[in-house]
Amino acid sequence: MPFVRIDAYGGADDDRLDALGRAVHDALVETLGIPSDDHFQVLTAHDPARGTLRYDGYLGVRRDEGIVFVTIALRAGRTTERKQALYRRIAQLAEERAGTDPRNVFVTLTENTSADWSLGDGLAQYVGSGSC
């Protein structure tokens with residue numbers, strides 16, 4: 001059960017946001033085996049003229065105003081190799097579908113436990129469950 005937030009800069013119209021959302025979702029399905037109907041995202045465009053996102057060239061990666069921040073919260077348990085495959089696939093699909101240069105795809109994962117999720121009705125549906 002990942003929850004995804006995508007913040008995009010520079011030319012992030014509805015079509016680009018949709019393409020980025022699909023890219024991230026498909027990468028999660030392909031690399032981590034997330035069910036295809038497990039699709040929860042918040043997509044936000046930021047206006048470069050207002051300067052609402054900050055970025056720089058860190059660790060030798062030179063970013064520009066095409067930057068996309070992808071934040072994914074999910075339950076713990078994936079290997080480092082699967083996470084690396086996820087990062088690669090998100091970057092590939094973001095380039096193919098949204099024209100986003102892979103150097104501008106900044107991804108963070110935040111892992112938690114089953115008790116950290118309520119999917120509605122005030123219940124912790126994953127407690128005692130073996131679901132994704």
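Just so you know, these numbers use all the heavy atoms, side chains as well, and skip hydrogens, waters and symmetry mates. Numbering starts at 1 and runs along the sequence shown.
For residues 80-104, the set of pairs meeting the ring pair (Phe, Tyr, Trp, His ring centres under 6.0 Å) definition, not counting sequence neighbours, is empty. Residue pairs satisfying the salt bridge (charged side-chain N to carboxylate O under 4.0 Å, His left out) criterion with at least one member in residues 109-126, sequence neighbours excluded, are listed as follows: K83-E111.
Between R63 and D101 no salt bridge is recorded (no basic side-chain N to carboxylate O distance below 4.0 Å).
The two atoms that bring A94 and V105 nearest to each other are CB-CG2, 4.0 Å, heavy atoms only. Between A91 and P102 the shortest heavy-atom distance is CB-CB, 4.0 Å. I90 and A27 make their closest contact through CG1-CB, 3.5 Å (heavy atoms, listed as atom of the first residue, atom of the second, distance). In this structure, N104 and G66 approach most closely via the heavy-atom pair CB-O, 3.6 Å. Between R97 and A19, the closest heavy-atom pair is O-CB, 3.3 Å. Across all their heavy atoms, L32 and R78 have their closest contact at CD2-CG, 3.6 Å.
Residues meeting the salt bridge (charged side-chain N to carboxylate O under 4.0 Å, His left out) test with R5, sequence neighbours left out: D7. Residues passing the side-chain hydrogen bond (donor to acceptor under 3.5 Å, both in side chains) test with N112 are W117, sequence neighbours excluded. With sequence neighbours excluded, no residue forms a side-chain hydrogen bond (donor to acceptor under 3.5 Å, both in side chains) with Q84. Residues forming a side-chain hydrogen bond (donor to acceptor under 3.5 Å, both in side chains) with R22 (at least two apart in sequence, or on another chain): D18. In terms of the side-chain hydrogen bond (donor to acceptor under 3.5 Å, both in side chains) criterion, E95 has no residue partners (sequence neighbours excluded). Take I6 and apply the side-chain contact (heavy atoms from CB on, under 4.5 Å) test, not counting sequence neighbours, and it matches V4, L20, V24, L43, V68, V70. R89 pairs by the salt bridge (charged side-chain N to carboxylate O under 4.0 Å, His left out) definition with E30, not counting sequence neighbours. Applying the side-chain contact (heavy atoms from CB on, under 4.5 Å) rule to T108 yields the partners T71, F106; only residues at least two apart in sequence or on another chain are considered. Residues passing the side-chain contact (heavy atoms from CB on, under 4.5 Å) test with A115, sequence neighbours excluded: T113, V127. Partners of E96 by salt bridge (charged side-chain N to carboxylate O under 4.0 Å, His left out), not counting sequence neighbours: none found.
Proximity of a side-chain donor or acceptor of T31 to a complementary backbone N or O of A85 within less than 3.5 Å is not detected. Distance alone, capped at 3.5 Å, places no donor-acceptor pair between the R103 side chain and the V61 backbone. Counting only distance, with no hydrogens or angles, the side chain of H25 and the backbone of S36 share a donor-acceptor pair below 3.5 Å.
When the side chains of ILVMFWY residues are joined at heavy-atom separations under 4.5 Å, either directly or via intervening members, L93 and F69 end up in two distinct hydrophobic clusters.
Note: E65 CD to Y9 OH = 7.5 Å, rounded to the nearest 0.5 Å. Atom CG of residue L74 and atom CG of residue D38 lie 10.0 Å apart, to the nearest 0.5 angstrom. Summarising the geometry, atom OG1 belonging to T100 is positioned 10.5 Å from atom CD1 belonging to I67; distances are rounded to the nearest 0.5 Å. Distance check: R16 CZ to D14 CG gives 12.5 Å after rounding to the nearest 0.5 Å.
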